[in-house]
Chemist: 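Structure in structure tokens, see below.
In what follows, every chain begins at residue 1, and chains take the letters A, B, ... in the order their sequences are listed.
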Amino acid sequence: MANPTHSSPADAGAAPTPTDFIRDIVTANVAAGKYQKIVTRFPPEPNGYLHIGHAKSICLNFGIAREFRGRCNLRMDDTNPTKEDVEYVDSIQQDVNWLIEDWADDRLGLKPKGKTPEAITVNGQPDFYLGPADPSAAAVEPFYASDYFEQIYQYALQLVRKGKAYVCDHTAEEVDKMRGAPEKASEPSHYRDRSVEESLDLFQRMRAGEFPDGSRTLRAKIDMASPNIWMRDPVIYRIRHSEHHHTGAAWCIYPMYDFAHCLSDYIEGITHSICTLEFEVHRPLYDWILENLGLPRPLPHQFEFARLNVTFTVMSKRKLLQLVNEKIVTGWDDPRMPTISGIRRRGVPARALRQFAYNIGVTKRDSVTDVAVLENIVREDLNRHALRRLGVLRPVKVVITNLPEDHVEEINAINNPEDPAAGTRKVPFSRAVWIERDDFMETPPPKYFRLRPGGEVRLKYGYIIKCDEVVKDAAGQIVELRCTADLGSKAGGPTANRKVKGTIHWVSAAHALEADVRLYDRLFTVAEPDAEGDFKKRINPHSLETVAAKLEPSLAKASDAERYQFERLGYFALDPDSQPGRLIFNRTLTLRDTWAREQQKS
RNA sequence: UGCCGGAUGGUGUAAUGGUAGCACGGCAGACUCUGGAUCUGCCUGUCUAGGUUCGAAUCCUAGUCCGGCAGCCA
């Protein structure tokens, strides 16, 4: 077994491997020689889109696989046909692939397409096993719990034969009532002592489709007096005559999560089954099932960590679905959504999301992570990687009166001051340019460093200009600023080193590209939107503003693989709806704006 | 209050009997052809009460508070 590799998700070889209580356990297990290979799994139910909380789990499970040179199986936990859909299967695969690409994609466990577990013999005992596909195999697909329905059924039969499971004829309401409450006593099923033969016959007939939905269940025979609700003869199979997205009409009985999950882990040879805290009370059941089946191979073990919460958003699938269904957002991948697809569309690099997962840590304590932590990591990443460009979001025209009508020159601009290798580009400059409306004020407050009547400001990479005249329309709206340039003040010129307080961005009016720019902000107005009352009352009405912007011409060749910083404004990414000639950019985040903060104080 | 967990600055997270550290955040300043970045300084913490120990965030006892569990959901 290899030692953990020492590299961070962001920058191989730089930062040390994270440590947390789960990795400590894995490390100890490895040191004790307990496993040949560490195998984890990421097991989403395909009933919704993956969100940033899943990203934490993906980074944990794949991170461990990566650090210990093991494997992480992607598995659809699809035991409830009424809630699941292939749309979700597809999106989950896409999101996982995006998040682990060039990081842990060599650790991704998939299986040969269509393959189900093999019957094998271990130490003379019959067993079921399904290993991963050869990475070079042509047709692969994720693991599916539903591919094990036959094996899980066989295991259930074994439990019945051992007298450890029985068919129960009570209705759901009866079972509910008889189970008792956490502090209330239970009443055993009237069918608890049914003979093995009768249960066997009934269970086989359940499978054969002889009984309607809800008429019977298979229950594990554990302990109705257990203080743990989940040990009070839990239902392990229910009847559901419905089409399954993966197995079609092959089955009309479906195993419950608790029964299917531990066995799926076992079949795949999972060593560490990592899930969130709410499954902690299920662990005795997880262990009970595996132990009572007398399985020949080493058993997987379940470990629980605290799920992620982030301020200014909601995380529950139900609420996210509500936002989508009620058209509060445009879809699961709306850039304001905390879904992985939304975050991707927003322009956040996978690398930054991984770094976030890495930085927040893994513990057992409930917590709410400040969204500022995410924002900080995204800014840090984008500052290093984004190409600088000039763009004006809310334009007002500046005419430089001491330049000839047909004046055009190419100005040298730096692509990324943080990365000299990114080089430079030419930006056209002419007599008329657009500047930001915010960058001019007729009667500015103190500490305002930008353009004002009679004042000077530098046009980034260009000349220092002085505002001579403010032209307004009949309504009093400023339509144009007439300025003169200090023609010697450009870089290399005699007055280039003159100090002026402000530098502003601009775009040549004659060369500007028109683009729709979507300015996204937080979806909610309060840090904990579901803390009390209706979360929909906390929706930020200004979470999206679309502006018609003027952009420098080089952006005509913008790529969705690239990230851009529009100087002084923020980070932007090309939206997938964008088309040649109809550019659409999404604002990932604004730059940190100390001027805005200064203004808020007063 | 049955069972299972958890409590370290405003937030998140380290310290595994030996100087309570890091990051975010906030505040102040330096620098700057991005009011960005960078740099400097400051701010605030071991749930409570006992005990063990030369020494306790860490071990023990009692308590307090918070979260989870009563789907034929996962």
Chemist: Is B/G71 syn or anti, taking syn as a glycosidic angle within 90° of 0?
Modeler: syn

Chemist: Run A/Phe305 and A/Ser57 through side chain to side chain contact (heavy atoms under 4.5 Å, CB included) and show every step you take.
Modeler: CA-CA 9 Å; A/Phe305 69 97; A/Ser57 176; 4.1 Å; yes

Chemist: For A/Val175 and for A/Asp593, find the nucleotide of RNA chain B with the closest heavy atom, then tell me which residue's nucleotide is more 5'.
Modeler: A/Asp593

Chemist: Mind checking A/Pro44 for me? I need base, sugar-phosphate or nothing, with any heavy atom below 4.0 Å counting as a touch.
Modeler: nothing

Chemist: Establish, yes or no, whether a centroid distance under 6.0 Å links the rings of A/Phe449 and A/Trp595.
Modeler: no

Chemist: Would you grab the first and last nucleotide of RNA chain B (5' to 3') that comes under 4.0 Å of any non-hydrogen atom in chain A?
Modeler: B/G2 to B/A74

Chemist: Please work out if A/Asp77 contacts a base, only the sugar-phosphate, or nothing of the nucleic acid, heavy-atom cut-off 4.0 Å.
Modeler: sugar-phosphate

Chemist: Need one value for A/Asp213: base, sugar-phosphate or nothing, where a base atom within 4.0 Å counts as base even if backbone is also close, heavy atoms only.
Modeler: nothing

Chemist: Please identify each residue that fulfils ring-ring contact (aromatic ring centres under 6.0 Å, His included) with A/His301, with sequence neighbours left out.
Modeler: none

Chemist: Toss me the dot-bracket line for RNA chain B: Watson-Crick and G-U wobble, both under 3.5 Å, 5' to 3', using | for pairs to another strand and [ ] for crossers.
Modeler: .((((((..((((....[..))))((((((.......))))))...(((((..]....))))))))))).....

Chemist: Is the closest side-chain donor-acceptor distance between A/Tyr257 and A/Asn80 under 3.5 Å?
Modeler: no

Chemist: When you compare B/C24 with B/G9, how far apart are their C1' atoms, in angstrom units rounded to a whole number?
Modeler: 12 Å

Chemist: Indicate whether any N or O donor in one side chain lies under 3.5 Å from an N or O acceptor in the other, for A/Tyr166 and A/Asp233.
Modeler: yes

